[in-house]
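First the structure, in the form of C-alpha cells, and then the observations on it.
Nothing fancy with the numbering, it's 1 onward along the sequence. What you are looking at is a predicted structure, and each value in this text was computed from that prediction instead of being measured.
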Amino acid sequence: MIVRKWRGWADKDRADDYVRHFAEHVQVKLGAVRGYRRVLVLTREQGGETEIVTMTFFDRLEDVKGFAGEQYEVAIVDPVAQGLLSRYDKTVTHFEVALELGPNSNSTAS
C-alpha cells in the first residue's frame with residue numbers, strides 16, 4: 001500500500017473550511033479513483049495558523065499515477081482549496097506501508 005502525504009497551512013478560522021471542502025469535494029473525486037482506499041486529514045495548531053496534513057492511501061503507485069498523472073509528486077490543490085490556505089507544499093511524498101498493526105496485533109520483530 002502507498003501513502004501520499006501532503007501539507008498545507010491555513011489561518012485558524014479557515015482550517016475547518018478546508019477540512020469541510022476536502023470532505024465534500026476532494027473525497028468525491030478520490031472515491032472514483034481505482035485503488036484509492038482511504039484518507040486521513042490531520043490538523044494541529046501552531047501559533048496563529050493550523051497545519052493540515054493529508055495522508056491518502058492507495059493500493060499501488062500505479063493507482064497514484066492514475067489520480068495524479070505522470071508527475072505524481074506534484075501536489076494537486078484545486079483553486080477553492082488554494083483560496084482557503086495561506087500556504088501549501090507544492091510537492092507530495094510517497095511512502096510504502098511496511099507494517100500496519102491494530103490494537104490486538106502481536107509483533108515478534110527481532
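With sequence neighbours excluded, no residue forms a salt bridge (Lys or Arg N to Asp or Glu O under 4.0 Å) with E96. Take D17 and apply the salt bridge (Lys or Arg N to Asp or Glu O under 4.0 Å) test, not counting sequence neighbours, and it matches R20. Residues meeting the side-chain hydrogen bond (donor to acceptor under 3.5 Å, both in side chains) test with E51, sequence neighbours left out: R7, R44. Judged as a salt bridge (Lys or Arg N to Asp or Glu O under 4.0 Å), and not counting sequence neighbours, D78 has no contacts. For K5, there are no side-chain hydrogen bond (donor to acceptor under 3.5 Å, both in side chains) partners at least two apart in sequence or on another chain. With sequence neighbours excluded, no residue satisfies ring-ring contact (aromatic ring centres under 6.0 Å, His included) with F57.
Rounded to the nearest 0.5 angstrom, T50 OG1 and K12 NZ are separated by 7.0 Å. In this structure, L42 CG and T54 OG1 are separated by 8.5 Å, a value rounded to the nearest 0.5 Å. Note: F58 CZ to R37 CZ = 10.5 Å, rounded to the nearest 0.5 Å. From E49, atom CD reaches atom CG of D13 across 11.5 Å, with rounding to the nearest 0.5 Å. Atom-to-atom distance recorded for R14:CZ and I52:CD1 is 10.5 Å, nearest 0.5 angstrom. The distance from the OG1 atom of T56 to the CG atom of L30 is 5.5 Å, given to the nearest 0.5 Å.
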- [ ] Apply side chain to side chain contact (heavy atoms under 4.5 Å, CB included) to D59 and Y36, showing your working.
- [x] CA-CA 7 Å; D59 286 335; Y36 166 72; over 6 Å; no
- [ ] Applying side chain to side chain contact (heavy atoms under 4.5 Å, CB included), run through M55 and R4 and close with a yes or a no.
- [x] CA-CA 5 Å; M55 299 179 72; R4 179 180 172 92; over 6 Å; no
TODO: Might you work through the side chain to side chain contact (heavy atoms under 4.5 Å, CB included) test for R38 and M1, ending with a clear yes or no?
DONE: CA-CA 11 Å; R38 66 183 179 278; M1 185 172 302; 4.1 Å; yes
Open item on the list: Between I2 and D63, does the side chain to side chain contact (heavy atoms under 4.5 Å, CB included) criterion hold? Intermediate values first, please.
Closed with: CA-CA 9 Å; I2 302 296; D63 299 324; over 6 Å; no
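Tracing side-chain contacts under 4.5 Å through hydrophobic residues (I, L, V, M, F, W, Y), one reaches V64 starting from V41; they form part of the same cluster. Grouping the Ile, Leu, Val, Met, Phe, Trp and Tyr side chains by contacts below 4.5 angstrom, directly or via other members, places Y18 apart from L40. Following chains of ILVMFWY side-chain contacts shorter than 4.5 Å, one can reach V39 starting from V26, so the two form part of one hydrophobic cluster.
Heavy atoms only, all atoms of each residue included: L84 and A10 are closest at O-CB, 3.6 Å.
Annotation: side chain of H25 is not in contact with side chain of V80 (no heavy-atom distance under 4.5 Å). Considering only heavy atoms from C-beta on, V19 comes within 4.5 Å of T43 through its side chain. Using a 4.5 Å cut-off on side-chain heavy atoms (C-beta onward), I76 and W6 make no contact.
More than 12 heavy atoms of other residues, nucleotides or ligands shown are found within 6.0 angstrom of CD on Q46. Counting non-hydrogen atoms of neighbouring residues, nucleotides and ligands closer than 6.0 angstrom, the NZ atom of K29 reaches no more than 12 such neighbours. No more than 12 heavy atoms of other residues, nucleotides or ligands lie within 6.0 Å of CZ in R34, so this atom counts as exposed by the packing criterion.
Both the sub-6.0 Å distance and the 45° axial angle are satisfied by K90 relative to the ring of Y88.
Aromatic ring pairs are classed by plane angle as parallel below 30°, tilted from 30° to 60° and perpendicular above 60°; the pair H94 and Y72 is perpendicular.
A side-chain donor-acceptor contact under 3.5 Å links Q82 to the backbone of V77. No donor-acceptor pair under 3.5 Å is formed between the side chain of T91 and the backbone N or O of V74.
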